[in-house]
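Working notes, structure below.
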Amino acid sequence: MARANDEAAALIQELADLLSITGGDAFKIRAYEKAARAIAGYPEDVSGLNLTGLKKIPAVGEAIAKKLVDYNETGTIRQVEELRAQVPSSVRALTAIPTLGPKKALLLYQRLGVATVDELEAALDEGRLHGLKGFGPKSEENIRHGIELLRQTGDRVLIGTAAALADEIVAALAPLAERITHAGSLRRMRETIGDVDVLAASADPRPLMEAFTALPFVTEVIAGGDKKTSVRTYRGPQVDLRVVPPESWGAALQYFTGSQAHNIRTREIAVKAKLKLSEYGLFTASGELIVSETEEEVYERLGMPWIPPALREDGGEIEAALADALPDLVTVEHIKGDLHTHTDLTDGRATLEEMVRTAAERGLAYYAVTDHAPDLAMHQMTDAKMLAQRERIRALQKEYPDLAILHGSELNIGPDGSVDWDADFLSGFDMCVASVHSHFNQDQAEMTRRFITACENPHVHVIGHPTARLIGRRAPVDADWDEVFRAAARTGTAMEVNCFPDRLDLPADLIRRALRFGVKFSIDTDAHSVADQRNIRFGVGTAQRGWLTPDDVINTWPLPRLREFLAAKKG
DNA sequence: GCCGTTTTCGGCCCGACTGTTTTCAGTCG
C-alpha cells in the first residue's frame with residue numbers, strides 16, 4: 001500500500017498536469033508541482049496532520065492544505081475530480097508521447113475527440129490531423145514515431161546499463177574535448193535513467209558532434225545543433241551531448257546535473273541576489289560574467305558550499321547548504337569491507353579464492369563470505385559443506401595478512417520470521433545476513449511481524465535487500481517500515497543497501513526514513529561474481545541519496561568497531 | 001498558489017531546438 005504522502009503528492013501532481021492541459025495559470029501549476037514534491041519528501045505522515053500541521057510543509061499554504069484535508073477526509077480532492085470530469089485522465093497520458101505536450105493534447109481532444117493513445121493512432125491513420133492548426137506533416141510523423149517508442153521501450157533503464165553506455169561515450173569522445181563527463185540523473189545516481197546526459201567543453205563543437213552521431217550504437221539523430229545533439233541508441237536510452245565553451249564548464253556542469261527542481265531553487269537564489277544563473281555562467285544584472293569555471297565557485301557565490309550531486313533533488317539540500325549543515329556523505333573510498341557475498345559453493349560463479357583475491361585488490365580491510373543457508377533448498381547447503389568452507393577460509397586467511405576474511409551466511413527469513421539453523425550452529429559464524437526470498441505477498445501486518453522477529457534474532461546482524469524488490473520486475477514487499485526500522489534500531493540490526501543495479505535496496509527514500517530512527521546500514525555488493533564487486537558505486541550512490549554519512553554505515557568502520565557492533569547484537 | 005532582510009502585492013529560472021511560423025509557440029530538460 002502506498003504511503004499517504006505519496007498518494008496525496010500524486011493527486012496534487014495530477015491537479016498540476018490537468019491544469020496545464022486545460023490552460024491554467026502557469027505559476028499556479030508550478031506552485032502545485034513544487035508542493036507535490038514537498039509532500040512526497042515530507043517526513044511526517046500527512047494523514048495524521050490537521051490544517052495547521054499541513055501548512056508547516058514547505059510550499060504548502062492555506063489553499064493546498066485545505067485540499068490535503070479534503071484528501072484526508074474523503075481519500076480524494078474535489079478539484080481533481082472536477083477536472084477529471086472535464087478532461088479524461090487518458091488525455092493526460094497522451095502527453096507521455098514525446099513531442100506531444102499539454103497544449104497539443106488538449107487540441108486533439110477538443111477538436112477530434114481523441115482521448116487515448118489508440119484513438120490518436122486511429123485518427124492519424126484516417127488522416128484526421130490534416131489541416132489542424134499547429135500540426136504539419138512533420139508533427140504527424142513525430143507523433144506516430146513517439147507512439148511506437150512509447151510502446152516498445154519501458155522508457156527508463158537501470159543505472160548499470162546507463163553507466164556502461166555513458167562510460168563508453170565519454171571514453172570515445174575524450175580525445176576531442178578539453179573536458180568531458182556524464183551529468184544528469186546518472187551523476188545524481190538515480191536508480192533508473194531516462195536520458196543519458198554527456199557534457200563536453202570545447203571551443204570547436206563540430207568534430208565532437210560529428211564523432212558523436214557516428215558512434216556505432218547510434219540508431220537515430222533526434223536533434224542536431226552546435227550546442228546540443230540528441231540521439232537514440234539501440235542500447236536503450238536516448239543520449240544528449242551538450243558542448244559548452246571551456247570557460248562555462250562549472251556553470252554548465254551544475255546546470256546539466258540538475259535536478260530541474262534543484263536548478264529552479266539555485267536560480268531563484270541568484271535572482272534574489274540580483275544575479276542571473278544559466279548554463280553559461282553566473283552573471284550580474286548588466287550581463288557581466290562573475291564565475292563559472294567550477295561548480296564550487298558557482299555555489300560559493302550563491303552563499304553555499306558545493307552540494308554533492310546525489311542530494312540535488314530539492315529535498316532539503318538547499319536549506320541545509322545555506323545553514324552550512326550538509327551531511328559529510330559516505331563515499332566509495334570510505335568502504336572498508338563487504339558483508340554480503342557469495343561463492344560457487346552456492347549460486348556464485350567464482351571460487352572462494354577468486355572472490356577473496358578481488359576483495360584484496362579492492363583494498364578492503366575485511367570481507368565476509370555469506371553463502372546461502374539450507375532453507376533455500378535449491379542450493380543444497382549442508383552443515384558439513386558450511387564447516388568445510390570455514391576450514392578453507394581459515395587456511396586462506398594465512399595468505400592475506402591485511403584482509404580479515406569473515407565467515408558468515410545469508411540466512412533465509414521464513415514466513416514466520418524464523419531463520420535457518422539453531423542458535424548453537426549460528427553462533428559459529430562471525431556474522432549473518434538474513435533476507436526474504438519467498439512469500440512476497442504476505443499482508444502488511446504479517447510481513448512487519450516477520451521482519452521484527454528476524455531483527456530480534458541475536459544471530460541476525462544485517463537484513464539483506466529488505467524490500468526484496470526487483471526494479472521493473474517485482475514490487476517491494478508491503479511492511480510497516482517505521483515499525484521495522486524501530487525494531488532494527490532497538491536490536492542493533494543493520495539494514496542493507498544492496499548494490500545490485502536492479503535491487504538498490506533499501507531504496508533512498510526508505511534509507512532516509514530509517515535514518516530518522518537511528519538505524520545503521522551496511523552497503524553490500526551481494527556479489528555473485530568477481531565483476532559484481534564493482535557495483536559498489538551504485539550502492540554508495542543510493543546511500544548518498546539517503547543522506548548517509550560514514551558513521552551511519554557499519555562497513556566503513558575499522559574492524560574493531562565493527563566487531564563491537566556485531567558482539568552487541570541484542571535479541 | 002506561494003511567499004517576503006527591499007514586497008501582504010507582484011513577482012515567480014532559463015535556454016535550445018523544432019516545426020510551422022512570416023515573428024513565434026510548443027516542447028523539453
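Lettering follows sequence order; numbering is per chain, from 1. Just so you know, these numbers use all the heavy atoms, side chains as well, and skip hydrogens, waters and symmetry mates.
Within 4.0 Å of A/I64, counting heavy atoms only, lie sugar-phosphate atoms of the nucleic acid but no base atom. Within 4.0 Å of A/K272, counting heavy atoms only, lies no atom of the nucleic acid at all. At a threshold of 4.0 angstrom between heavy atoms, the contacts of A/I97 are confined to the sugar-phosphate backbone, with no base atom among them. Note on A/E268: only backbone sugar-phosphate atoms sit closer than 4.0 angstrom, heavy atoms only; bases stay farther off. Heavy atoms of A/L100 sit under 4.0 angstrom from primed sugar atoms or phosphate atoms, though from no base atom.
Atoms CD1 (A/I318) and P (B/dC3) sit 16 Å apart, rounded to a whole Å. Rounded to whole angstrom, the span from the CD atom of A/Q79 across to the C1' atom of B/dG1 amounts to 12 Å.
The nearest pair of heavy atoms linking A/L107 to A/L132 is CD2-CG, 4.3 Å. Closest approach of A/N5 to A/Y42, counting heavy atoms only: ND2-O, 3.0 Å.
Atom name C1', nucleotides B/dT5 and B/dG1: the rounded distance is 24 Å, in whole Å. B/dT8 and B/dC2 are spaced 12 Å apart, taking the C1' atom of each and rounding to whole Å. Separating the P atom of B/dT18 from that of B/dG10 is a span of 40 Å, rounded to the nearest Å. For B/dT21 and B/dT27, the P atoms lie 15 Å apart once the distance is rounded to whole Å. B/dC12 and B/dT6 have their P atoms separated by 16 Å, given to the nearest Å.
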Encode nucleotides 15-24 of chain B as B, S and - characters from 5' to 3', where the letter depends on protein heavy atoms closer than 4.0 Å: B to the base, S only to sugar-phosphate, - to neither.
SSSSSS----

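Between A/R144 and A/D125 a salt bridge is recorded (basic side-chain N to carboxylate O distance below 4.0 Å). For the pair A/R187 and A/E295, the salt-bridge criterion is met [side-chain N within less than 4.0 Å of a carboxylate O]. Ion pairing between A/E82 and A/R78 holds under the 4.0 Å rule for side-chain N and carboxylate O.
Shown here are the side-chain hydrogen bond (donor to acceptor under 3.5 Å, both in side chains) partners of A/R265, two or more places apart in sequence or in another chain: A/D314, A/E319.
Of the candidate nucleotides B/dG1, B/dC12, B/dT27, B/dT27 has the atom nearest to the side chain of A/P102.
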